[in-house]
Amino acid sequence: MPARGLLSSSPWTSGPSRRNKAAMPRYNPREVEPRWREAWARADVFRAENVSDKPKYYVMEMFPYPSGKLHVGHTRNYAMGDVVARFKRAQGFNVLHPMGWDAFGLPAENAAAERGVDPAAWTQDNIDTMRAELQRLGLSLDWSREVATCDPAYYGKQQAWFLRLWKKGLVYRKEGLVNWDPVDMTVLANEQVIDGRGWRSGAVVERRKLTQWFMRITDYADELLESLKTLDRWPDKVKLMQENWIGKSRGLRLTFPSAGDAALGFEDGITVYTTRPDTLFGASFIALSPDHPLTEILAARDGRVADFVARCRKGGVSEAEIETAEKLGFDTGLSVEHPFDRTWTLPVWIANFVLMDYGTGAIFGCPAHDQRDLDFARKYGLPVKPVVLPPDADPATFRVGAEAYVEGGRIYNSRFMDGLEVEAAKAAAIDKAEGLGLGEGATVYRLRDWGIARQRGWGCPIPVTHCAKCGVVAVPEKDLPVKLPEGMDFSRPGNALERHPTWKETRCPECGGPATRETDTLDTFVDSSWYFDRYINPQADEPIDKEAADYWLPVDQYIGGIEHAVLHLLYARFITKALRDEGMLSADEPFAGLFTQGMVTHETYRRQSGEWLEPGEVEISSEGGHRRARLRATGEAVVIGDVEKMSKSKRNVVSPADMADTYGVDAARLCVLSDSPPERDVQWTAAGVEGAWRLVQRVWAEYDAEPVIEPLDVKRELELRRATHRAIKAVTDAIEGWRFNSAIARLHEFVGVLRRFPEGGLARREALSALARLVSPFAPHLAEECWARLGEPGLCATAEWPQYDAKLAEDEERVLPVQVNGKRRGEIRAAAGASEAEVEKIVMGDPEIARRLEGLQVRKVIVVKDRIVNIVAA
RNA sequence: GCCCCGGUGGCGAAAUCGGUAGACGCAACGGACUUAAAAUCCGUCGGCUGCAAGGCUGUGCCGGUUCGAGUCCGGCCCGGGGCACCA
């Protein structure tokens, strides 16, 4: 949003500054910034070397989808990464800071459908636009390593490793129930279904039976869980989310033998999975999933079962259905024997709340100690028998009412387990079941295999052919990449690749007979699971240049949104481990350090008709204490919606370009990093840019000022030197601690100090030399201009980070507040590091303190070195 | 329902080891400069109270630990995020 009054007259041409001399042109970023970007490009200073004596540092931000326009959320994200990249480079690291494009996906298809453009051309245009915008931000990126996932040179290598994983058995095809998005007309992974709706379209997801491609991420479930422990530079929150997602549980897989007249398919009894084998004597029924194979057999024979299953399938995933969550059951009339007492039989039900794809798809119900089972038992009049006694309860009177008892306690009513604590009873039950040959201890994960196929035209083709004679055959590596055709028809929903008139037709690589190509493409999360490997050498013949990868991996610092905590980060970890086991790289984990930055949010605006509006089209006013919004062009009333993450779909995006046009790129970078800590969400306002702009001008004014030659005052010189070293320490520590907002605050302070020291001399020179380098990660163009003005050799971008002298960074004298009984009553001055005795002496000799202590008896004096004094007196 | 994370001036926030609460910035107000405005510079800026020095109070609420609590502990309220028939 253009700031008031700045469009007609630009701030840097509006008049001379009055500091130190009559007329001085103000710092003009429009002229300065492009010049330094050219200088960096000419010197190629941001190119990383795959062979180097320096220690390596690999820093990257999550690559963007090329939507066509950069917004301030991107700016903030990439500015953060650039601060780290420039800081580490200055500290002597060989820094790899690459960029690329997550370029497959639906928006290109939507654009093709709406405007009849070619998705490849549309995407390429967007990439070109956004690359220019990114380059304008002055990011220290190594553009020689750029990758785009829609480039055959990239996805062809992806097909190559995909086939290797297939041959290894990590990829397989299976018929199963899938989540079908009826709007996008594609299959979604479980992770991509949120509240029963497609993560992208928001449409209610249906369940369909289809043959699908999967990756065996569950083979790695245990390692993915265990090695989370090695990720000490990941946020705990993300590790916790992944841990919950993997959902490891230990329990018992146990078979209930069928009782009496075993029905067809039912001879082997029913196998259930439980994490509560200690409650087996509280069992009251068995429940099968509506999708259980036995249910299907029963449904084939009995129409009432089929009707019941149909009822369960209807909805089931819809939001409303989940919320009401009514338990539904059907009594099959069949029964099984209790494994621990074969004379005891239990009825077999089919229940809607039993999931087929978790455990065995069948459970035993223990209503007293499981809320779902209790709800079910109450509804259908099944017995409720408690077997875990709460610590203070009386076995004679303890009853379970409306709430199941799920806490710990002592087992009773349970024969050989009586008297045991819950954990001991679980072990005893597992032993017993194993002894009987009816069960074994089992570990089960919530994590499911990853469904990777999408019925989309704009994605990486799955490189296989279907031959009537040979079945599913891999395309030979020499024939890769399997490229997308030109001229796909996106005017109708569905898979444009499938509809293409000729692309499908091919020859079987094995028998040479006629065959068809697979028309499913890979989930775009496959594309983003290895791009950090490809950056290392995007021209390599092999998908991954192993030698270079062994040097660079793992990524030292990855920066991105918390919204990828589970999906992208889990897939990328899995693919890394799979490729490692294929011998393609050596790293166990892709990202040693992870930082999840906050989102940039903005209010949303819509027309009465529901159409989204951009913030720039809307004028906000205050009428009667209420904020009102009107369409700038027509005055039409506009609905102010929620504050949400900036996204193209809701059109609540603010471009950094306007801000950069008016104030320059450096001010824009400072603005997005100021004021709020990087991990916090921020609601966008342009207010901070004025402060950033002033900082730029004030920094420049120090370099541009004519030197004031005055005799150096030794005391003032020391004071300035102390301020310099204190600033170096503070900024360094703040960057290392990811407190960029604090680092910028310290720059403001340091500039404030410099204004008070216009004299020349070495101390000022030292200060200015340090300041340029401290400013450099945040406002790199300004830093170069200052550096050049100082006459320093070379580029500031390649200068060493300033070192501080720890002695100078500490004050030699401290002001210590003095409290009496915890209330501040004065302060004293003491040498830094003064002993308790020395400080106490000064305190007691202070007349003001003495006055405060009149009539009181000092009981105790607490001296915290260099910080505070507290006198306890009565 | 369960699991996380937050709540500090008019606003964004700082205080990261239990030790001066509000650094730094924005806005506002007062002043300087200017024919004037903008820009720039200097200053004030949690609340109550006082002529002043100062005093009292204050980090969502209630209680606790401590010489000392924004920070630690217990209970609650509010906001945000994640998971949600996972047996």
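Convention: sequence-line order gives letters A, B, ...; per-chain numbering from 1.
- Using Watson-Crick or G-U wobble geometry with both donor-acceptor distances under 3.5 Å, B/rA13 finds no partner in any strand shown.
- Of the side-chain N and O atoms in A/Arg739, none sit less than 4.0 angstrom from OP1 or OP2 of B/rA14.
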Working for side chain to side chain contact (heavy atoms under 4.5 Å, CB included), residues A/Glu848 and A/Arg851: CA-CA 5 Å; A/Glu848 176 63 19; A/Arg851 197 176 65 76; 3.2 Å; yes
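- A/Tyr358 and A/Ser249 share a side-chain donor-acceptor pair at under 3.5 Å.
- With P as the reference atom, B/rG80 and B/rC85 are 22 Å apart, rounded to whole Å.
- Base contact: A/Val864 has a heavy atom under 4.0 Å from a base atom.
- For the P atoms, the distance from B/rG7 to B/rG12 is 12 Å, rounded to whole Å.
- B/rA52 and B/rA13: their C1' atoms are spaced 34 Å apart (whole Å).
- Taking CG of A/Asp278 as the reference point, atom CZ of A/Arg276 lies at 4.5 Å (rounded to 0.5 Å).
- In textbook terms, a nucleotide whose glycosidic angle is within 90° of 0 is syn, while B/rG30, being further out, is anti.
- Remark: the separation of the P atoms in B/rU34 and B/rA27 is 24 Å, to the nearest Å.
- Listed nucleotides: B/rA14, B/rG82, B/rC4. Nearest to the side chain of A/Leu240: B/rC4.
- Distances were taken from every side-chain heavy atom of A/Val354 (C-beta onward) to each of B/rG82, B/rA87, B/rC24; the shortest belongs to B/rA87.
- Taking only side-chain nitrogens and oxygens, A/Thr274 never comes nearer than 4.0 Å to OP1 or OP2 of B/rA87.
- In this structure the side chain of A/Phe285 reaches within 4.5 angstrom of the side chain of A/Phe376, judged on heavy atoms.
- Under a 4.0 Å N-O distance rule, the pair A/Glu736/A/Arg739 does not qualify as a salt bridge.
- Contacts of A/Val861 with the nucleic acid, taken as non-hydrogen atoms under 4.0 Å apart, are absent.
- For the residue pair A/Thr218 and A/Asp449, a side-chain donor N or O sits within less than 3.5 Å of a side-chain acceptor on the partner.
- Checked against B/rG81, B/rU20, B/rC41, the side chain of A/Lys237 finds its nearest nucleotide in B/rG81.
- Of the side-chain N and O atoms in A/Arg756, none sit less than 4.0 angstrom from OP1 or OP2 of B/rC41.
- When only modelled atom types and interatomic distance are considered, A/Thr271 and A/Thr255 share a side-chain donor-acceptor pair under 3.5 Å.
- Under the 4.5 Å side-chain criterion, counting only non-hydrogen atoms from C-beta, A/Leu747 is in contact with A/Phe778.
- Contact of A/Arg746 with B/rA23 (side chain to base): a donor-acceptor pair of N or O atoms is detected under 3.5 Å.
- Nucleotide B/rC2 has B/rG82 as its partner under the Watson-Crick or G-U criteria, with both atom distances under 3.5 Å.
- Note on A/Gln819: a base of the nucleic acid sits closer than 4.0 angstrom, heavy atoms only.
- Between A/Arg824 and B/rU57 there is no side-chain N or O to OP1 or OP2 distance below 4.0 Å.
- Within the 4.0 angstrom heavy-atom criterion, no nucleotide atom of any strand lies near A/Arg851.
- Separating the CD atom of A/Glu563 from the P atom of B/rG82 is a distance of 10 Å, rounded to the nearest angstrom.
- With a 3.5 Å ceiling on both atom-pair distances, the Watson-Crick or G-U wobble partner of B/rU40 is B/rA32.
- Partner assigned to B/rC72 is B/rG64, using Watson-Crick or G-U wobble distances below 3.5 angstrom.
- At the heavy-atom level, A/Arg814 lies nowhere under 4.0 Å from the strands shown.
- Here B/rU20 presents its P atom at 5 Å from CD1 of A/Ile868, a figure rounded to the nearest Å.
- For the P atom pair drawn from B/rG18 and B/rC72, the interatomic distance equals 8 Å after rounding to whole Å.
- The pairing partner recorded for B/rG22 is none, the criterion being a Watson-Crick or G-U wobble arrangement whose two distances lie under 3.5 angstrom.
- Here A/Arg446 does not reach the OP1 or OP2 of B/rC83: none of its side-chain N or O atoms lies under 4.0 Å away.
- Taking side-chain N and O atoms only, A/Arg825 has no distance below 4.0 Å to OP1 or OP2 of B/rG54.
- Spacing of C1' atoms, B/rG6 relative to B/rG70, comes out at 13 Å, to the nearest Å.
- When Watson-Crick and G-U wobble pairs are counted only if both distances are under 3.5 Å, B/rC56 pairs with B/rG47.
- For the pair A/Arg867 and B/rG68, the criterion of a side-chain N or O lying under 4.0 Å from OP1 or OP2 is not met.
- Nucleotides B/rG60 and B/rU8 have their C1' atoms positioned 10 Å apart, rounded to a whole Å.
- In this structure, the CG atom of A/Asp733 is 15 Å from the C1' atom of B/rA14, given to the nearest Å.
- When heavy atoms are screened at a 4.0 angstrom cut-off, A/Ser676 is found touching the sugar-phosphate backbone but no base atom.
- A/Asn870 comes within 4.0 angstrom of a base, heavy atoms only.
- In terms of heavy-atom proximity, A/Asp675 sits nearest to A/Gly688 at OD2-CA, 4.5 Å.
- If you measure from atom CD of A/Glu827 to atom C1' of B/rG19, you get 15 Å, rounded to the nearest angstrom.
- To the nearest angstrom, P of B/rG1 lies 21 Å from CZ of A/Phe353.
- Between A/Arg694 and B/rU40 there is a side-chain N or O to OP1 or OP2 distance below 4.0 Å.
- Taking every side-chain heavy atom of A/Ile862 into account, B/rC67 is the closest of B/rC85, B/rC41, B/rC67.
- Judged by a 6.0 Å distance limit and a 45° cone about the ring axis, A/Lys327 is positioned over the six-membered ring of A/Phe353.
- Where A/Gly688 and A/Ile562 meet RNA chain B, the nucleotide closest to each residue was compared, and A/Gly688 sits on the side nearer the 5' end.
- Computed from coordinates, the A/Leu816 CG to B/rG68 P distance equals 20 Å when rounded to whole Å.
- Considering only side-chain N and O atoms, A/Thr685 lies nowhere under 4.0 angstrom from the phosphate OP1 or OP2 of B/rC26.
- Between B/rC24, B/rG25, B/rA87, one nucleotide has an atom nearer to the side chain of A/Ile363 than all others, and that is B/rA87.
- Comparing A/Thr275 and A/Ala745 along RNA chain B, the residue whose closest nucleotide (by nearest heavy atom) sits nearer the 5' end is A/Ala745.
- Pairing for B/rA27 is absent, judged as Watson-Crick or G-U wobble with the two contacts each under 3.5 Å.
- Taking 4.0 angstrom as the limit, A/Asn741 places a side-chain polar atom (N or O) nearer than this to OP1 or OP2 of B/rA14.
- Atom pair A/Lys239:NZ and B/rC3:P shows a separation of 20 Å (rounding to whole Å applied).
- Residue A/Lys823 places at least one side-chain N or O under 4.0 Å from the OP1 or OP2 atom of B/rU57.
- Note: CG (A/Asn244) to P (B/rG82) measures 13 Å, nearest angstrom.
- Comparing the C1' positions of B/rA21 and B/rU59 gives a spacing of 7 Å, expressed to the nearest Å.
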